[in-house]
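Residue numbers start from 1 in every chain, and the chains themselves are labelled A, B, ... in the order their sequence lines are given, proteins ahead of strands.
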Number of protein chains: 2
Amino acid sequence: MKSQEISKLLKGSGLKVTPQRMLIMEIISGMYNHPTAEMVISRVQEIQPGISPATVYKTLDTLVRKKLICKISTDDGIMRYDPVTLQHHHLYSTTSGKIKDFYDEELNRLLREYFNRKKIPGFELEDFRLELNGKFDEESTSNYV
Amino acid sequence: MKSQEISKLLKGSGLKVTPQRMLIMEIISGMYNHPTAEMVISRVQEIQPGISPATVYKTLDTLVRKKLICKISTDDGIMRYDPVTLQHHHLYSTTSGKIKDFYDEELNRLLREYFNRKKIPGFELEDFRLELNGKFDEESTSNYV
DNA sequence: GTGGCTGCAAAGCCTTTGCAGACAT
DNA sequence: ATGTCTGCAAAGGCTTTGCAGCCAC
């Protein structure tokens, strides 16, 4: 993402454009591996030592609140961050803990249609995300199928 | 769940049947609110003071590993436990953090069919779960739609 | 009898908080 | 100028670990 875009996004959300925020946004928008806060912190500090972990946490929190990034949780209890706000799903590896994004407009349409047709009693659906568990091909060392 | 059932489940997984495990299984199978570890601990200690939190954590972990219960994570980073192993989905309240189970065999069938038809490249799907975000009706205080 | 399980306490880890000083606007 | 943001350090909260003793088998 270009600096200009980022700065516009920040301003558009009523946030001050600080070097720390710019850097964090740049980093997250360039990492497609769903970094943990810790990963962001160490990347940040590689580039600009002296930025406080607390600042990164606070910034991530702010960005999530402003919906510029999103936060996902895995079963290890560590939060991960995701640059993309487009509706998409996640592929979770059951063996390595890796996560990948999964886009599938056909699937989105299918689900939206389904829930339009069949309301969930007592619940007003706003958004959904599919959690797909399995193995990535490169991990299939054991062929016990 | 009856004690006999639980004891059979434990044995069947190669676990020793201890009073602590019996109690924890009983508690979780009777709590349909997706308790956190802490909730299980305090319930446990109401009934039998002196059981260590560490034991509860270890037991929960063991039970998850043996697939007698399952572990879900929310965006607050606190793990929750779920007695049910049947395939089902979760309704998350975006306002209160409440979680409810959502069963829908039609939906399961729809998704299974979809993924049978359309494989995900580079990924061997084992299991899926839908994360449904929204509001429960009793929470709709603000009608800002 | 023996290996697994429990309890205790301490430590670990990720994350949040409070506050003073700095900075974007 | 001012209200927000940063950095530091400390605390907080959830969870794990190590080890001695105990218990189910």
B/Lys11 NZ to C/dG4 P, in whole Å, measures 18 Å
Rounded to whole Å, the CG-P distance (B/Leu60 to D/dC14) equals 15 Å
Q: Report which part of the nucleic acid A/Gly77 touches: base, sugar-phosphate, or nothing (heavy-atom distance under 4.0 Å, all strands).
A: nothing
- Task: Report, as yes or no, whether the 6.0 Å neighbourhood of atom CD on B/Gln4 holds more than 12 heavy atoms from other residues, nucleotides or ligands.
- Result: no
Expected list for residues 19-26 of chain B near DNA chain C, using heavy atoms below 4.0 Å, is B/Gln20, B/Arg21
Interatomic distance, CG@B/Asp61 vs OH@B/Tyr81, rounded to 0.5 Å, equals 7.0 Å
Closest to the side chain of A/Thr18, out of D/dT6, C/dT15, D/dC14, is D/dT6
Check: Is B/Arg129 salt-bridged to A/Glu131, going by a charged N under 4.0 Å from an acidic O?
Finding: yes
Atom CZ of B/Arg80 and atom C1' of D/dC14 are separated, to the nearest Å, by 13 Å
Rounded to whole Å, NZ of B/Lys71 lies from P of D/dT16 at a distance of 6 Å
**Q.** Distance test, side-chain N/O of B/Thr36 to OP1/OP2 of D/dC14, below 4.0 Å
**A.** no
field: Parallel, tilted or perpendicular, as decided by the 30° and 60° cut-offs, for the rings of A/Phe115 and A/Phe128
entry: tilted
Rounded to whole Å, the CZ-C1' distance (A/Arg65 to D/dT4) equals 12 Å
The reported gap from CZ in B/Arg65 to NZ in B/Lys71 (rounded to nearest 0.5 angstrom) is 10.5 Å
When B/Asp82, B/Ile28, B/Thr74 are each screened for side-chain contact (heavy atoms from CB on, under 4.5 Å) with B/His34, the one that passes is B/Asp82
Q.
Is it true that, when you exclude B/Gln45 itself, more than 12 heavy atoms of the residues, nucleotides or ligands shown sit nearer than 6.0 Å to its CD?
A. yes
With distance as the sole test, does B/Arg21 use its side chain to make a donor-acceptor pair with the main-chain N or O of B/Lys16 at under 3.5 Å?
-> yes
B/Glu38 CD to D/dG13 P, in whole Å, measures 9 Å
query = So, the side chain of B/Arg80 versus the backbone of B/Thr36: is there a donor-acceptor pair under 3.5 Å, distance only?
reply = no
Whole-Å distance, A/Ile41 CD1 to C/dC13 P, equals 14 Å
Does C/dT16 have OP1 or OP2 under 4.0 Å away from a side-chain N or O of A/Tyr57?
no
If each end axis of the helix from C/dG1-D/dC25 to C/dT25-D/dA1 is fitted on five C1' pair positions, the angle between them, to 10 degrees, is 40°
- Under-4.0 Å side-chain N/O to phosphate OP1/OP2 contact, B/Thr55 with C/dG7: yes
Charged N to carboxylate O below 4.0 Å: is that the case for A/Lys8 and A/Glu5?
no
Report each atom pair, protein N/O against N/O of nucleotides 17-22 of chain D, whose distance is under 3.5 angstrom.
| residue | atom | partner | partner atom | Å |
| --- | --- | --- | --- | --- |
| D/dG18 | O6 | B/Lys58 | NZ | 2.9 |

Whichever of B/Leu15 and B/Asp61 has the more 5' nearest nucleotide on DNA chain D, that residue is B/Asp61
Atom NZ of B/Lys16 and atom P of C/dT6 are separated, to the nearest Å, by 10 Å
Quick note, B/Ile51 side chain, CB onward, closest among C/dG7, D/dG7, C/dT6 is C/dG7
Test A/Asp104 against A/His88 for side-chain hydrogen bond (donor to acceptor under 3.5 Å, both in side chains), laying out the working first. CA-CA 7 Å; A/Asp104 186 337; A/His88 64 283; over 6 Å; no
Rounded to the nearest 0.5 Å, the OH atom of A/Tyr57 sits from the OG1 atom of A/Thr55 at a distance of 12.0 Å
